[in-house]
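Just so it is clear: chains get the letters A, B, ... in the order the sequence lines come, proteins before strands, and each one is counted from 1.
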Protein chains: 2
Amino acid sequence: MQSHEPLGGARPTSRDVARAAGVSQATVSLVLGEKWRGRVSERTAESVRHAADELDYRPNLAARNLRLGRTRTALLVVPALTNEFFAHVYTGAAAVAARHGFGVVLYPSPDGVGPTRDPFASAQAALDGVIASSMAADALKAFRGTGLPLVMLDSDPADPGAAAHVNLDVADGMRRVTRHLLGLGHRRFLHLASAVPSWTFDVRAAALADALRGTELRTVRAPLNVADAREAAHLALAAPGPRPTAVICDDDILAVGVGKAAHRLGLRVPEDLSVTGFDDMALATAVEPELTTVRLPAEEFGRRGMEALLAVLAGEQAPPVTLPVDLVPRGSTGPAPAV
Amino acid sequence: MQSHEPLGGARPTSRDVARAAGVSQATVSLVLGEKWRGRVSERTAESVRHAADELDYRPNLAARNLRLGRTRTALLVVPALTNEFFAHVYTGAAAVAARHGFGVVLYPSPDGVGPTRDPFASAQAALDGVIASSMAADALKAFRGTGLPLVMLDSDPADPGAAAHVNLDVADGMRRVTRHLLGLGHRRFLHLASAVPSWTFDVRAAALADALRGTELRTVRAPLNVADAREAAHLALAAPGPRPTAVICDDDILAVGVGKAAHRLGLRVPEDLSVTGFDDMALATAVEPELTTVRLPAEEFGRRGMEALLAVLAGEQAPPVTLPVDLVPRGSTGPAPAV
DNA sequence: CCCCGGACGTTATACGTAAAACCTCGGCGC
DNA sequence: GCGCCGAGGTTTTACGTATAACGTCCGGGG
């Protein structure tokens with residue numbers, strides 16, 4: 001039976017609690033801040049806690065942030081909220097953050113290109129630090145030079161603007177894909193790459209070029225959505241000349257688009273055409289056949305990112321990390337069709 | 001050529017700007033706050049703006065929030081970040097918010113059930129108001145009784161705890177689905193419902209029961225993910241007795257699960273089985289055949305929610321809104337198979 | 001007997017901003 | 001010649017918190 005204050009009434013402050021408990025405001029702050037060992041008697045502490053409960057006191061975050069000069073809030077800059085991969089990254093980051101009394105605010109880069117006017121106005125929160133995906137490069141620019149500690153996800157380790165780097169071994173992921181496909185006898189490849197420029201995609205392309213030297217490899221780019229991917233794949237697959245027998249995609253979404261294009265062209269997957277994705281999102285097992293793809297440890301990626309940021313904030317060095325990835329073979333890849 | 005302060009150096013305050021411009025701090029606040037018409041000369045104002053630029057001054061949000069007693073931040077409580085529908089809702093809400101100098105923070109209800117310990121600690125931002133989906137009922141509980149203005153999305157309009165309601169006409173959506181399927185000759189239905197209890201799903205079920213009275217209608221529930229939906233659908237479709245000819249789903253994700261179950265059972269969609277989704281997310285056109293589904297105006301939903309919250313914060317009444325929905329017929333529905 | 005050092009609090013202050021209240025001065029009406 | 005007013009500022013205060021600096025009382029060692 002909580003006694004509710006009148007709804008319009010102002011929220012109680014630590015001074016109100018102090019008055020109710022018959023102590024000074026400073027004592028309330030000490031007790032509630034758990035810094036009172038040996039400074040306040042158990043009896044007094046208890047009465048403060050009781051009064052705080054009674055009044056349903058919650059400290060004013062704005063005042064605390066002002067006083068302490070930090071906010072315990074991190075910003076996660078992601079390319080788009082609709083990208084399921086980053087939902088998992090967020091989950092991981094938020095979990096670690098919560099354990100340290102931190103909160104995580106999301107800043108989704110607007111879908112349209114071009115940098116935003118003022119990210120801070122949008123984020124609206126004072127921040128202690130920023131974690132950003134290299135895929136959100138445009139939105140990111142605005143955060144540079146603000147002096148805020150910056151942890152970069154999947155970006156060039158040589159970038160000096162970042163205080164720490166957490167990467168995924170996407171090059172190895174692509175190598176595993178090629179090994180898998182070469183083992184199935186494929187020799188003519190199409191790489192459906194992301195049209196968004198980003199270090200992580202450059203790395204994939206380079207790894208691919210390296211692993212597939214001596215075979216036929218074409219590259220086509222498309223934005224990260226099914227419709228555009230389908231169009232791009234349709235064009236490439238319907239082109240004159242020998243058709244690739246395997247399409248390697250930078251993302252599951254692109255791979256789904258390829259599947260749709262194949263379907264429209266009357267090509268069976270995987271009998272006529274093998275397709276691979278990247279990320280292993282829910283989408284990968286939603287389609288038929290299920291996608292052979294590269295599984296990325298998305299949640300751990302987010303966790304490591306947040307841990308790196310916390311380390312930086314604590315003044316420590318955060319060594320660069322590269323997380324391993326896995327190939328998940330499924331139904332969308334099969335033996336290369338006999339010529 | 002921006003002259004960067006030493007990186008470790010403290011951020012400049014309005015007092016620093018004042019010193020640089022040779023005026024008092026109050027004047028800086030007036031000028032930068034655009035409240036200086038007739039109070040400060042154009043010359044002085046210009047010199048203040050110049051000094052602020054020079055120092056790369058950004059107001060301290062914590063101090064401002066403390067002073068003003070409000071944060072211009074709204075919280076959007078959603079069931080899960082992986083649900084694409086809410087990504088669009090967020091986009092809409094954030095767009096309106098930005099136009100009014102507001103920011104939007106996301107609070108994704110943890111995937112596991114059970115209320116969270118302290119949402120405020122996680123949100124970490126002082127808030128002016130909350131917009132919440134009825135699908136996140138558990139996380140929502142913690143926000144009740146805080147006196148914070150609450151706008152509910154797709155929830156019982158009779159709920160007195162909310163200051164405003166914005167709904168989607170999901171009942172009409174379901175009626176359109178039934179009309180479509182009845183017109184195709186279907187008479188035996190399976191309703192694959194969401195296992196998450198929520199007003200919006202109750203409404204759908206009721207509308208369905210009402211529109212399909214006189215036909216055969218079974219109901220099965222599944223959590224909102226492909227794997228569980230597939231299992232539930234598999235069981236229901238493989239059960240003895242006459243098989244339903246159409247499966248009506250509460251969500252596109254569920255519909256995709258049904259498609260996979262059908263594939264496994266050797267049933268062709270739509271020749272042997274018609275399937276409908278709900279939401280019209282990207283997923284709906286990612287699968288083959290594409291899903292007949294109900295298109296929800298997700299972005300407008302978010303916009304209206306934010307507008308309602310702004311109205312409430314301005315002390316106005318926000319009349320309840322119900323947004324219309326549309327049926328999008330695609331390849332997953334067809335004429336009922338001849339018995 | 002005096003002084004000293006814990007134990008237990010209190011008083012005072014600073015964080016950076018917004019804005020109310022207050023100053024100063026020159027010009028103008030009467 | 002005096003008062004008043006408006007333009008163009010400045011001084012001051014408050015927001016709520018955390019914490020450094022400062023009492024006060026009491027028991028005990030020298």
Numerically ordered, the residues 13-21 of chain A set in heavy-atom contact under 4.0 Å with DNA chain D is A/Thr13, A/Ser14, A/Arg15

With the threshold set at 4.0 Å, does a side-chain nitrogen-carboxylate oxygen contact exist between A/Glu46 and A/Arg49? yes

* Asked: Is the shortest side-chain N to carboxylate O distance from B/Arg303 to B/Glu299 below 4.0 Å?
  -> yes

Taking side chain as C-beta onward, heavy atoms only, is [X] less than 4.5 Å from [Y]?
X        : Y        : answer
B/Tyr107 : B/Leu76  : no
B/Val196 : B/Pro79  : no
A/His165 : A/Asp159 : yes

[X] [atom1] to [N] [atom2], straight-line distance once rounded to whole Å:
X       : N      : atom1 : atom2 : answer
B/Trp36 : C/dT17 : CH2   : P     : 20 Å
B/Asn60 : C/dA14 : CG    : C1'   : 13 Å
A/Leu66 : C/dC15 : CG    : C1'   : 4 Å
B/Leu61 : C/dT17 : CG    : P     : 10 Å

Notebook entry, point to check: Are OP1 or OP2 of C/dG9 and a side-chain N or O of A/Ser41 less than 4.0 angstrom apart?
Noted result: yes

Q) Without hydrogens or angle criteria, can the side chains of A/Ser134 and A/Ser198 be said to hold a donor-acceptor pair below 3.5 Å? A) yes

Ignoring hydrogens and angles, state whether a donor on the side chain of A/Asn65 or A/Thr71 is under 3.5 Å from an acceptor on the partner side chain. no

Residues at least two apart in sequence or cross-chain that pass side chain to side chain donor-acceptor pair (under 3.5 Å) with A/Ser41, listed by chain then number, are A/Thr44

What pairs of donor and acceptor atoms, side-chain ones from residues 25-35 of chain B against any protein atom, are under 3.5 angstrom apart with sequence neighbours left out?
{"unit_1": "B/Gln25", "atom_1": "NE2", "unit_2": "B/Ser14", "atom_2": "OG", "d": "3.4"}
{"unit_1": "B/Thr27", "atom_1": "OG1", "unit_2": "B/Ser24", "atom_2": "OG", "d": "3.2"}

Here the gap from B/Leu148 atom CG to B/Leu127 atom CG, rounded to the nearest 0.5 Å, amounts to 6.0 Å

Sequence neighbours excluded, the answer for side-chain contact (heavy atoms from CB on, under 4.5 Å) partners of A/Ala63 is A/Asn60, B/Leu66

First and last nt of DNA chain D near chain A, cut-off under 4.0 Å to heavy atoms, 5' to 3', are D/dG16 to D/dA21

Between the protein and nucleotides 10-12 of chain C, which nitrogen or oxygen pairs come in under 3.5 angstrom?
{"unit_1": "C/dT10", "atom_1": "OP2", "unit_2": "A/Ser24", "atom_2": "N", "d": "3.0"}
{"unit_1": "C/dT10", "atom_1": "OP2", "unit_2": "A/Ser24", "atom_2": "OG", "d": "2.9"}
{"unit_1": "C/dT10", "atom_1": "OP2", "unit_2": "A/Thr27", "atom_2": "OG1", "d": "2.5"}

